[in-house]
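Working notes, beginning with the structure itself.
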Amino acid sequence: MRGRTARVAVAVAAVAGLAFVVPTGGSAQAFGFTSEIVMVQADDGVGLEALVLEPWGAGPHPLAVFASPWTMDWTQNVLPAVTLASKGYTVVSYVARGFMNSGGEVGVAGPRDVRDFSEVIDWGLANTDSDPARIGAYGLSYGAGISLIAAAKDSRIKAVAALSGWYDLPESFARDKVRSLSAGELLHTTGKEKGRLSAESDLRLGQVYDPDLSDADYQALHEWALERSPKTHLDGLNANKPAILIEQAWGETAFPPGPMLDFYNAYQGPKRVELRPGDHAGPEIPALMGLPNGVLDPVYRWFDAFVGGTDTSIAGEPNLRYKPRPVGRPFETYSASAEAFAAPRRLHLTEDALTPSTEVPTWARTIDTDTDSSVSGGDAMVTQTLNTLLLEPSPFPVANINREVAGVWTGQPAKTRMRIRGVSKLHLPYTPSTARGTLIAYILDVDVFNNARLVGYAPHTWAGATAGQPRTADFTFQPTAYDVEPGRRLAVVVDGKDTLFVDANKPGSAVTLGNTSTQPWVDIPVR
């Protein structure tokens, strides 16, 4: 017990000075609090380690329950825990089962993991002076997914702050049935190294990136992931109507922003979504380290409005807010997604260019699909790398793209700032040489020196094709907000491989691209 006490004392002391500076959103008084580490016993006998912070002032206090991120413990959440405790909240920040000092096995946000959240609430109400009518849930990444599903099951949860979480887990594991190679492998390997995966979790996470996965096993993976999706539990959320705050990164390689915006549109309770540049947890990591980047401020204001009841100002603000890419742009605020995003502007693909003209000569080009070009969607979940702090993938020279394995189409320099807002789509006819295969499409922002930044990417796969028979690929990109400055150009690139995805291309495979069967085009939503 002495070692545990020392551990929590060091962690809390390290951020206590910061915590009294960070809170925003009203004149909430700063409180002192006690801190200890406990083992919360689940009803199956498994112990869940938890950091408990309890204010000194007279209760009952609002209760904030935190669920830990993937492979991590409560130390990752010390700053927001201390901040809320200093504002008068009881905080119980627990470690999800199967990780670190908590017992049991990892169920990947399965029913047992979700039930743990409610049992931690039970423990908090029974063992601290907390108010059963004022309970909030907080989670980052894995903790966000668990918190959202728990709020669908437990009507006591009045508010949720879900940072870098997911809505549709099958869509996260496979986009257009193209499975996520690097994200699946990373989740699986880190889960095995730093946690205790259940046999089923081990099997299913391995299937995410298995190159030889059968159709039957893919369907089983889909059903397993569907149960672990807040999307499946939307009816429960709409019935309970907790106030839900979503914070997400535009460049998410693990849990893309599109499904979270679908959630925002489908959810009928109080809600707010904030989107920023970066990859998985990229905006949050500096904030959790104590850097005042504003990411945690909405969390504190959200809890004060819908749990503590001390400052309700955020409830009256526009509930869709985002920072465009690249970094450094100011926030834009809207009251609905319909006004936040733009109508499409169509460009047609010639042999090597993008043009608004519909008069395009006939053309065709064959590319090999079994070799990667120099274009990539990035490294999955670039946590703890330089890109985490830069919040953008590094630029790369367009001249390095191998035209034998990639089609490249470049537009004219922009005369004014091109404000891309929404979902881009690419319609591309192709003729495959094989029955199965994969294509990856990219939209790039190219500067005057011919260096490119990634705007977005999207995969497409096919099966059961007849070699030599024309087909059509329709790529749907993730929504984004991106500014192309004057003098810069848009480009579209298509190749067959990306380290982010499990592709179906075989050695010697190729596709012929062209406009002999139908006209290829790209729709860019521009304001």
Side-chain angles (χ1 to χ4, degrees), residues 140-141 144 162-168 171-172 175 180 182-183 245-265 272-287 293-295 298 319-334 337 339-342 375-383 385-395 417-425 440-445 452-459 475-485 488 490 498 500 524-527:
L140 169 67
S141 185
L163 284 58
S164 288
W166 71 87
Y167 177 55
D168 185 340
E171 181 71 13
S172 299
R175 307 183 198 180
S180 178
S182 50
L245 169 67
I246 297 166
E247 295 199 47
Q248 208 77 3
W250 288 122
E252 264 276 3
T253 48
F255 308 132
M260 297 307 282
L261 283 169
D262 292 341
F263 181 24
Y264 166 82
N265 289 323
R272 182 182 178 96
V273 63
E274 299 207 359
L275 297 124
R276 294 174 172 83
D279 197 348
H280 184 71
E284 292 91 349
I285 289 173
N293 65 359
V295 170
N319 62 13
L320 197 161
R321 187 170 181 254
Y322 60 66
K323 277 191 174 184
R325 300 170 51 214
V327 296
R329 273 63 176 171
F331 269 109
E332 298 178 14
T333 57
Y334 303 93
S337 57
E339 65 184 60
F341 301 117
V375 188
S376 172
D379 299 320
M381 302 168 68
V382 292
T383 309
T385 70
L386 180 60
N387 282 346
T388 300
L389 299 179
L390 295 179
L391 301 177
E392 287 289 350
S394 301
R417 176 178 291 176
M418 185 183 300
R419 301 172 66 214
I420 300 174
R421 301 290 187 272
V423 175
S424 297
K425 296 184 178 182
I440 316 293
Y442 310 86
I443 297 175
L444 308 179
D445 168 20
R453 294 171 176 162
L454 181 69
V455 178
Y457 59 91
F475 300 85
T476 300
F477 294 80
Q478 289 296 311
T480 195
Y482 191 103
D483 291 343
V484 179
E485 297 300 325
R488 301 177 71 99
L490 281 181
D498 192 305
L500 284 174
I524 308 290
V526 177
R527 177 170 294 140

Please check this pair: side chain of E274 against backbone of L245, looking for a donor-acceptor N/O pair closer than 3.5 Å. no
Take E485 and R329, measure what salt bridge (Lys or Arg N to Asp or Glu O under 4.0 Å) needs, and give me the verdict at the end. CA-CA 12 Å; E485 297 300 325; R329 273 63 176 171; 2.6 Å; yes
Please confirm whether the backbone N or O of Y457 pairs with a side-chain atom of Q478, one donor and one acceptor, at under 3.5 Å? no
Considering residues at least two apart in sequence or located in another chain, which fulfil the ring-ring contact (aromatic ring centres under 6.0 Å, His included) criterion with F475? H460
Does the plane of the ring in Y322 sit parallel, tilted or perpendicular to the ring in F341? Use 30° and 60° as the thresholds. parallel
Side chain of W166, backbone of A144: donor and acceptor closer than 3.5 Å? no
For the atom pair OG1 (T333) and CG (L320), what is the distance rounded to the nearest 0.5 Å? 9.0 Å
Between L444, D445, D483, which is the residue that forms a side chain to side chain contact (heavy atoms under 4.5 Å, CB included) with R488? D445
Looking only at side chains, do S164 and E284 share a donor and an acceptor under 3.5 Å apart? yes
Under a 3.5 Å distance rule, please check whether R325 uses its side chain to pair with a backbone N or O of V455 as donor and acceptor. yes
The criterion is side-chain hydrogen bond (donor to acceptor under 3.5 Å, both in side chains); which residues satisfy it with N319, sequence neighbours excluded? Y264
Member of R421, R321, R276 meeting the salt bridge (Lys or Arg N to Asp or Glu O under 4.0 Å) criterion with E332: R421
Could you check whether any side-chain N or O of D279 sits under 3.5 Å from a backbone N or O of G282, counting only pairs where one atom can act as donor and the other as acceptor? no
Is there a donor in the side chain of S141 and an acceptor in the side chain of H280, or the other way round, less than 3.5 Å apart? yes
